[in-house]
Amino acid sequence: MLRVILAEDSVLLRAGLTELLALGGHRVVAAVGDAPALLRAVADERPDVVVTDVRMPPGQSDEGLRAALELRSRDPSLPVLVLSQYVATAYAARLFTGGSAAGLGYLLKDRVGEVEEFLDALRGVYEGRTVLDPEVVRVLLAARPDGDPLARLTPREREVLALMAEGLNNQALAARLFVTEASVVKHAGSIFTKLELDPSEGNRRVLAVLAHLRGAGPRTTAD
C-alpha cells in the first residue's frame with residue numbers, strides 16, 4: 001500500500017481518482033485542489049508518492065508542475081507522477097533534467113487506456129523508474145533546437161527510444177514492435193552509441209530518455 005497525495009482541481013476527478021487508488025490497494029492521505037495546498041500537504045504527510053495535475057488554481061496555468069519542481073528541489077527522492085491533459089514543455093524539461101529523473105512520471109489523462117496502466121505507472125515511479133507517455137516525449141522533441149543528437153537516430157530507433165520512455169523492458173519492447181528481443185538489443189545499442197552514452201554511466205535507458213529532454217526549447221506556457 002502506497003501513501004499518496006493527490007492534487008487535482010476537478011472535484012469529480014479528484015473523487016474518482018481517490019476511489020480508484022483505494023481499489024488499487026493504496027491510501028490517499030490528502031486530496032487537494034490547488035498548488036499551495038499540495039505543498040502544505042506534502043510537508044505535513046510525507047507521502048510515498050505525489051500525483052499532480054499541471055493546471056490548477058490560483059492561476060490555472062502550470063501551478064501543479066511548478067509545485068512538483070519545488071517539491072523535488074526540497075526532496076529529490078520524492079516520487080512524483082504528473083497526470084494532465086497538457087504538456088508544459090519548459091517546466092517538464094526542467095523537472096526531468098534538473099538532477100535525477102528517478103521516480104518521475106508524466107502521463108496524459110486522455111491517453112491512459114487502462115486502470116492497470118495508471119497503477120503500474122504509479123508503482124514504477126515509486127520504485128524509482130522514469131515513466132513517460134510517448135506523446136510527452138514527442139512534444140518535447142518537437143520543442144528541441146536544431147542540431148540535436150537525436151537527429152542521428154533512424155525512425156525505428158526513435159520509436160524504440162519512445163517506448164523506452166514508457167519504462168518497457170526488452171521483452172515488452174519486442175512484443176510491442178513485433179520484433180525479436182535480439183533486434184531490440186541491437187537498436188538499443190545503436191541508440192546508446194549515437195547518443196554517446198558511456199556504459200559506465202549507470203542506467204543508459206534513463207540517460208537516453210533524458211537526452212530527449214535536455215535540449216527542449218524554453219516555452220513558458222502549457223501546450
Side-chain angles (χ1 to χ4, degrees), residues 4-21 24 26 31-35 38 49-57 59-69 71-72 79-97 101-126 129-144 150 158-168 172-173 176 205-206 208-214 216-217 219-223:
V4 180
I5 285 181
L6 173 64
E8 166 61 56
D9 67 320
S10 168
V11 174
L12 291 178
L13 185 54
R14 190 163 69 237
L17 285 170
T18 299
E19 181 67 19
L20 185 154
L21 287 164
H26 306 301
V32 301
D34 59 71
L38 170 59
V49 61
V50 169
V51 178
T52 183
D53 195 1
V54 170
R55 292 184 174 179
M56 292 195 301
Q60 290 293 350
S61 58
D62 42 32
E63 285 83 354
L65 199 47
R66 284 190 278 130
L69 279 165
L71 291 171
R72 288 283 289 201
V80 175
L81 175 60
V82 178
L83 181 65
S84 182
Q85 290 178 299
Y86 311 98
V87 183
T89 53
Y91 288 111
R94 284 177 56 190
L95 180 64
F96 284 92
T97 61
L104 286 175
Y106 200 131
L107 299 180
L108 297 179
K109 293 175 182 176
D110 293 342
R111 288 172 50 84
V112 178
E114 301 288 342
V115 169
E116 285 304 317
E117 180 184 348
F118 169 67
L119 294 176
D120 287 347
L122 183 77
R123 173 64 64 177
V125 167
Y126 171 71
R129 291 196 284 117
T130 304
V131 180
L132 290 168
D133 186 301
E135 180 65 10
V136 173
V137 175
R138 188 197 66 77
V139 171
L140 291 171
L141 268 176
R144 291 178 60 96
L150 296 178
R158 285 175 176 261
E159 187 176 11
V160 169
L161 188 51
L163 292 175
M164 284 183 185
E166 293 185 67
L168 301 184
L173 273 164
R176 182 76 68 89
R205 282 176 175 262
V206 173
V209 170
L210 293 183
H212 282 79
L213 311 181
R214 286 198 174 96
R219 297 184 186 177
T220 57
T221 59
D223 292 318

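Nothing here was measured: the structure is a model prediction, and the numbers come from that model. Atom set for the values below is all heavy atoms of this structure, side chains included, hydrogens, waters and symmetry mates excluded. Numbering starts at 1 and runs along the sequence shown.
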Would Asp34 and Glu63 count as a side chain to side chain contact (heavy atoms under 4.5 Å, CB included) if you check the C-alpha gap in whole Å, the side-chain angles of each, and the deciding distance to 0.1 Å? CA-CA 8 Å; Asp34 59 71; Glu63 285 83 354; over 6 Å; no
Answer whether the closest heavy-atom distance between the side chains of [X] and [Y] falls below 4.5 Å.
{"X": "Leu20", "Y": "Leu119", "answer": "yes"}
{"X": "His26", "Y": "Val49", "answer": "no"}
{"X": "Leu83", "Y": "Leu17", "answer": "yes"}
{"X": "Tyr126", "Y": "Val4", "answer": "no"}
{"X": "Val11", "Y": "Arg14", "answer": "yes"}

Closest non-hydrogen atom pair, [X] against [Y]:
{"X": "Val131", "Y": "Ala121", "result": "CG1-CB, 4.0 Å"}
{"X": "Ala67", "Y": "Leu38", "result": "CB-CD2, 3.9 Å"}
{"X": "Tyr106", "Y": "Tyr86", "result": "OH-O, 2.6 Å"}
{"X": "Arg72", "Y": "Leu95", "result": "CG-CD1, 4.0 Å"}

Distance from Leu81 atom CG to Leu107 atom CG, nearest 0.5 Å?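 Interatomic distance, Leu81 CG to Leu107 CG, rounded to 0.5 Å: 5.0 Å.
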Approximate separation, where rounding is to 0.5 Å, of Leu6 CG and Leu21 CG: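 It comes to 6.5 Å.
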Holding to side-chain hydrogen bond (donor to acceptor under 3.5 Å, both in side chains), I want the full list of residues that pass it with Arg66, two or more places apart in sequence or in another chain.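 Residues passing side-chain hydrogen bond (donor to acceptor under 3.5 Å, both in side chains) with Arg66: Asp62.
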Applying salt bridge (charged side-chain N to carboxylate O under 4.0 Å, His left out), which residue pairs with at least one partner in residues 105-114 are found, sequence neighbours left out?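 Applying salt bridge (charged side-chain N to carboxylate O under 4.0 Å, His left out) to every pair that reaches into residues 105-114, excluding sequence neighbours, yields Glu8-Lys109, Asp53-Lys109, Arg111-Asp133.
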